Structures are given as structure tokens and as C-alpha cells.
Amino acid sequence: MELDTSMNPGTPNEPNELAQNNTTEVRPVDTADRIKTIDIIRGVGLLGILLMNIPGFGIDQSAYYYLTHGSYTSTDFYTHKVVSIFFEGTMRGLFSMLFGAGMILFTMNKKEVPGAVPVIHLYYRRLLWLLFFGVINAYVLLWWGDILFFYALCGMLLYPFRNSKPRLLIILGILCFCIASLKTSLWYNEDREKRLDYLEAVTAEKSGKKLSAEQKEAKTSWLERENWRPPPERTERNVSRMRSGYITVFTHLLPRNADDETWGTYHWAIWDCLGMMLIGMALFKIGYFSNKISSGGYTMGLLIGYGIGIPVAWLIFNKGELGQVHYGAYLDRYRVNHFTLYDVKRLFISLGHASLIMLVYRSRIVPWLMKALSNVGQMAFTNYLMQSIICTLYFHGYGLGNYNKLSYHQLYYVVLAVWIFQLIASSIWLKYYRFGPFEWLWRSLTYWKKQPMKK
């Protein structure tokens with residue numbers, strides 16, 4: 001799910017990027033002025049996000065039900081457990097934080113010039129094009145899990161906060177997380193009320209009382225909720241259509257894309273993405289992503305991030321996700337849903353991931369890998385869209401038609417293959433060109449002028 005989150009990143013001390021073309025032109029930051037560590041973190045995030053996206057590309061969602069309702073010793077289950085605890089939500093967290101950092105980078109090195117396009121116009125023009133690319137990714141490339149659409153909308157809210165102090169940005173980010181947690185609690189409380197209505201009806205029935213229409217409805221609806229299983233016919237219909245031609249897949253995914261983008265904007269993205277973006281802006285301002293913190297500081301970030309985040313993630317998975325297999329008993333036992341801690345988990349593990357990357361970079365243990373990851377990150381927008389193209393062609397019927405043919409853990413063989421391809425292809429491409437092809441297109445559209453492509 002990610003894009004060129006740097007939004008033309010450069011170093012905070014880079015030269016003025018005003019081109020002296022009649023002194024009225026503002027142009028993108030030169031490739032040489034990029035912050036390498038931001039590209040490396042983005043590269044890790046770009047590759048890592050496919051760990052979460054690959055089930056959406058390649059397998060029916062009923063698989064998630066059977067992962068938690070089947071054997072807890074299978075390879076599929078252990079794969080799901082590792083991905084859920086260490087990576088789910090955290091790679092998206094890195095993306096979102098870097099997007100926030102990129103917003104500052106885009107605006108901080110541009111000065112208003114009489115007769116030139118105002119910076120704010122360029123900023124929002126860039127986001128509108130990103131919104132368009134998100135629509136293309138969802139409705140043309142047919143990736144229903146697209147995130148560009150949500151990033152563009154959330155990014156439009158960031159501009160007024162570009163000069164805010166880190167403390168305020170962190171407070172606002174935490175406020176977003178609190179709202180998301182509150183919404184989770186409200187949904188959970190609704191289920192608890194339905195559960196209590198059901199128990200009340202069962203108690204009345206056992207005592208020989210005649211149930212009211214409301215009690216009968218409460219009992220019936222709850223039993224349907226608790227005994228729900230993925231309908232085999234729905235799974236068969238979904239698999240059949242996903243293995244069909246382009247028009248059939250498009251028609252099949254159309255209502256889902258529309259529902260996800262409308263429901264997701266209000267109930268999920270505005271709090272999930274925006275909160276992390278604000279935190280990312282704060283971390284960038286203190287130099288966390290640009291290699292300006294001491295090694296002791298990054299070590300502390302690693303210990304705090306993983307020390308808090310991983311235990312919370314373990315609790316959410318083992319007590320929350322697995323506990324809700326028997327949902328009625330879970331509601332009876334816990335007044336608060338474990339998933340209210342979701343943003344605590346992903347915030348701290350994301351911090352741990354970023355800290356670990358910075359420490360490895362400083363250690364100079366694997367400079368070749370850091371360079372390769374930097375190339376992937378520099379072409380993050382292209383690589384994100386390429387993941388959609390590669391995976392839809394591999395799994396959908398108008399391509400190789402492998403949808404729902406692999407077991408859950410086998411999907412990650414595809415992930416490994418895509419990783420290797422993108423690490424190699426990005427390095428080769430950037431030997432000859434300044435940007436990835438989609439980065440070039442995005443920049444050209446933003447500045448409404450064809451950008452130089454070849455080195």
C-alpha cells in the first residue's frame with residue numbers, strides 16, 4: 001500500500017530548489033538531495049506491506065475464519081500468527097509516518113515566488129493526482145485493498161499543521177488513536193448489549209415465561225451471529241468470479257471498492273492513517289528519520305518499541321483474536337475488547353522497526369542491502385502499483401488464474417519472489433533513470449511540465 005511518501009524528499013539543508021527559469025518556476029527536489037535513510041525505511045515498508053496484502057490478492061477471506069477455527073499447529077496458523085503479531089498494521093504505520101514526514105519535506109524547501117504557482121496549489125494538486133491514482137488502482141488494476149485514496153484524503157488535512165511543534169503533533173496523533181479506540185469500544189458495547197438481551201431471553205425461556213417478539217428476535221439474531229460460518233456457496237461464487245475474465249472481476253469487485261472507500265474513509269482511514277501521519281511529522285521534526293538521533297536514542301527506541309509493542313500484539317492475538325473464536329464467552333468475560341489496544345501495538349512496533357533499521361544502517365553490516373532497499377524506497381510509488389499489477393495478473397482469471405489455489409503459507413512464496421524482483425529491478429532502473437516511471441508521471445502532472453527522466 002504505499003506511494004512516494006517523501007513527496008519529493010530532500011535533505012533539510014538542501015539548496016533552494018527554485019529553478020531560475022525566468023525566476024518563476026518551482027521544480028521538484030533533485031535525486032541527489034534525497035534523504036537516504038527515509039528511502040531505506042520506505043523500502044522496508046513497501047516490501048513489508050505485501051505481507052498483509054497478499055491474502056487479499058490471492059485467497060478467499062473465508063481462510064481467515066478457518067485459520068482461527070482450525071488447527072493451531074499448522075504451518076498456515078503459525079504463518080498467520082507471526083504476520084499478525086510483528087507486521088500487521090505496523091508496515092502501514094511506517095508508511096503513514098513517512099507520508100507525514102514527506103508532507104513537511106515537500107513544503108519546507110519551497111519558497112513562494114511572485115508569478116510562480118503557490119506551494120499550496122502544488123501540494124493539493126499532487127494529492128488530487130494521488131487520489132486519481134488510487135481510483136485507478138482500485139477500479140482499473142482491481143486491487144480492492146488500495147490505500148492511495150485514503151492517503152490523499154488524509155494528506156489534505158495535514159497542510160495546516162506543517163509548522164506545528166512536535167509536541168502538538170504527537171498530542172493530535174494520540175487523539176486520533178483515542179477516537180479509533182472509542183469507536184472500537186462502542187461497537188463492542190453494542191455486541192455486549194445484544195449478548196445480554198440474548199441471555200435475558202434464554203433465562204426467561206428456562207423459567208417457563210412466554211417470550212416477547214423482541215426477545216425472540218434477540219435470541220434468533222444472536223444465535224445467527226454466534227454460529228455464523230462462511231457460506232460455502234458465497235466462497236464458491238467469489239472464487240469462480242475471481243478466476244474469470246477482466247469484466248467479470250471488475251463487476252464483482254465494484255460494489256466492494258465503493259463500499260470500502262466510503263465506509264473506510266469515515267470509520268477507519270481518517271483515524272488510522274491521519275494519526276500515524278501526525279506522529280511521523282513529529283518524529284521527522286526531531287530528526288528521527290534523518291539519522292540525527294544518537295545510537296543510544298535509537299537503541300532506546302528499539303527497546304521501548306518492541307518491549308511494549310510485541311507483548312501488546314501477543315495479547316491482542318492470543319486473547320483477542322483467538323479468544324473471540326467463542327465470541328459469546330468472550331463477551332461474557334471481558335468488558336473491554338482487546339482490540340482497543342490496536343494502535344498502541346502498531347505505534348510502538350512501528351517505532352521499533354524504524355529504530356532497528358536505523359541501527360542496522362549505522363552498523364554498515366549490509367551496505368548492499370541498504371542500497372537495494374533505498375532503491376526500492378525511491379521507487380515506492382511505482383513498486384506499490386507494480387505489486388498490484390503483478391499480483392492481480394498472477395491470481396485473477398484474466399492472468400494466470402491462481403486465485404485460491406495456494407494455501408495461506410504458500411502465498412508468502414509469492415511475496416518472496418516479488419521482493420527479489422523489486423530489489424533487483426529497482427536497482428537496475430535507477431542506474432539509468434532519475435525516477436521510477438510512475439514517480440515521473442506523478443511529478444510531471446503535479447508541476448504540469450514534463451520532468452527530465454534519464455540521468
Side-chain angles (χ1 to χ4, degrees), residues 52 55-56 59-90 92-93 177-207 211 214-232 234-235 260 263-264 267-268 271-272 308-349 408:
M52 275 60 63
I59 201 167
D60 184 78
Q61 283 194 306
S62 61
Y64 285 106
Y65 175 87
Y66 295 111
L67 282 170
T68 54
H69 288 73
S71 171
Y72 290 174
T73 60
S74 67
T75 304
D76 285 346
F77 175 78
Y78 283 124
T79 302
H80 174 57
K81 184 174 184 177
V82 170
V83 172
S84 295
I85 291 176
F86 293 100
F87 302 108
E88 197 284 319
T90 64
R92 188 175 70 251
F177 298 152
C178 290
I179 294 174
S181 180
L182 176 62
K183 291 175 75 68
T184 299
S185 296
L186 292 174
W187 288 329
Y188 185 69
N189 288 336
E190 289 180 4
D191 282 349
R192 292 192 79 244
E193 290 176 2
K194 293 176 183 178
R195 173 68 176 175
L196 292 174
D197 290 341
Y198 163 76
L199 293 175
E200 180 182 321
V202 170
T203 301
E205 189 175 44
K206 287 181 178 179
S207 65
L211 299 183
E214 291 78 10
Q215 288 176 319
K216 291 180 180 178
E217 174 61 25
K219 181 181 177 182
T220 301
S221 62
W222 179 257
L223 288 174
E224 290 177 353
R225 166 69 176 82
E226 190 166 20
N227 296 323
W228 182 87
R229 302 287 186 276
R234 190 201 68 177
T235 299
D260 284 354
W263 184 92
H267 290 289
W268 170 75
W271 315 118
D272 181 291
I308 295 176
I310 293 176
V312 171
W314 182 93
L315 186 69
I316 291 173
F317 183 82
N318 285 278
K319 299 296 183 180
E321 183 171 347
L322 298 186
Q324 293 186 27
V325 168
H326 304 290
Y327 196 44
Y330 182 86
L331 289 166
D332 296 340
R333 183 175 182 181
Y334 299 106
R335 294 185 60 85
V336 179
N337 193 333
H338 286 86
F339 283 92
T340 57
L341 297 173
Y342 178 73
D343 284 311
V344 174
K345 156 205 161 177
R346 71 191 194 96
L347 173 60
F348 280 97
I349 294 184
Y408 185 85

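Since we're looking at a predicted model, the values are computed, not measured.
Distance check: L186 CG to E190 CD gives 7.0 Å after rounding to the nearest 0.5 Å. In this structure, H338 NE2 and T340 OG1 are separated by 8.5 Å, a value rounded to the nearest 0.5 Å. Note that CE of M52 is 9.5 Å distant from OG of S84, once rounded to the nearest 0.5 Å. Summarising the geometry, atom OH belonging to Y408 is positioned 6.0 Å from atom CG belonging to L67; distances are rounded to the nearest 0.5 Å. For the atom pair CG (L331) and CG (N189), the distance works out to 10.0 Å, reported to the nearest 0.5 Å.
Here side chain to side chain donor-acceptor pair (under 3.5 Å) pairs that include residues 196-206, with residues two or more places apart or in two chains, are E205-K219.
Partners of E226 by side-chain contact (heavy atoms from CB on, under 4.5 Å), not counting sequence neighbours, listed by chain and number: R195, W222. Listed by chain and number, the residues in a side-chain hydrogen bond (donor to acceptor under 3.5 Å, both in side chains) with Y188 amount to none (sequence neighbours excluded). Among residues two or more places apart in sequence or in another chain, the side-chain contact (heavy atoms from CB on, under 4.5 Å) test is passed with A180 by W271, D343. Applying the side-chain hydrogen bond (donor to acceptor under 3.5 Å, both in side chains) test to D272 and every residue at least two apart in sequence or in another chain returns R92, W268, R346. Under the side-chain hydrogen bond (donor to acceptor under 3.5 Å, both in side chains) criterion, K81 pairs with no residue, sequence neighbours left out. Under the rule for a side-chain contact (heavy atoms from CB on, under 4.5 Å), the partners of S74 that lie at least two apart in sequence or sit in another chain are S71, D76, F77. Applying the side-chain hydrogen bond (donor to acceptor under 3.5 Å, both in side chains) rule to R229 yields the partners Y65; only residues at least two apart in sequence or on another chain are considered. Every residue two or more places apart in sequence or in another chain that forms a ring pair (Phe, Tyr, Trp, His ring centres under 6.0 Å) with W187 is listed here: H267. Checked against side-chain contact (heavy atoms from CB on, under 4.5 Å), I316 has the following partners two or more places apart in sequence or in another chain: V312, F339, L341, K345.
When all heavy atoms are compared, the tightest approach of I85 to A313 is O-CB, 3.4 Å. The two residues G89 and Y342 make their nearest non-hydrogen contact at CA-OH, 3.4 Å.
Although no hydrogens or angles enter the test, the distance criterion places a donor-acceptor pair under 3.5 Å between the side chain of S185 and the main chain of S181.
Heavy atoms from other residues, nucleotides or ligands lying under 6.0 Å from NZ of K183 number more than 12.
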Show me the donor-acceptor pairs, under 3.5 Å and distance only, between side chains in residues 319-328 and residues at least two apart or in other chains.
residue	atom	partner	partner atom	Å
E321	OE2	H80	NE2	2.8
Q324	NE2	N337	OD1	3.1
Y327	OH	D191	OD2	2.7

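Annotation: side chain of F177 is in contact with side chain of L347 (closest heavy-atom distance under 4.5 Å).
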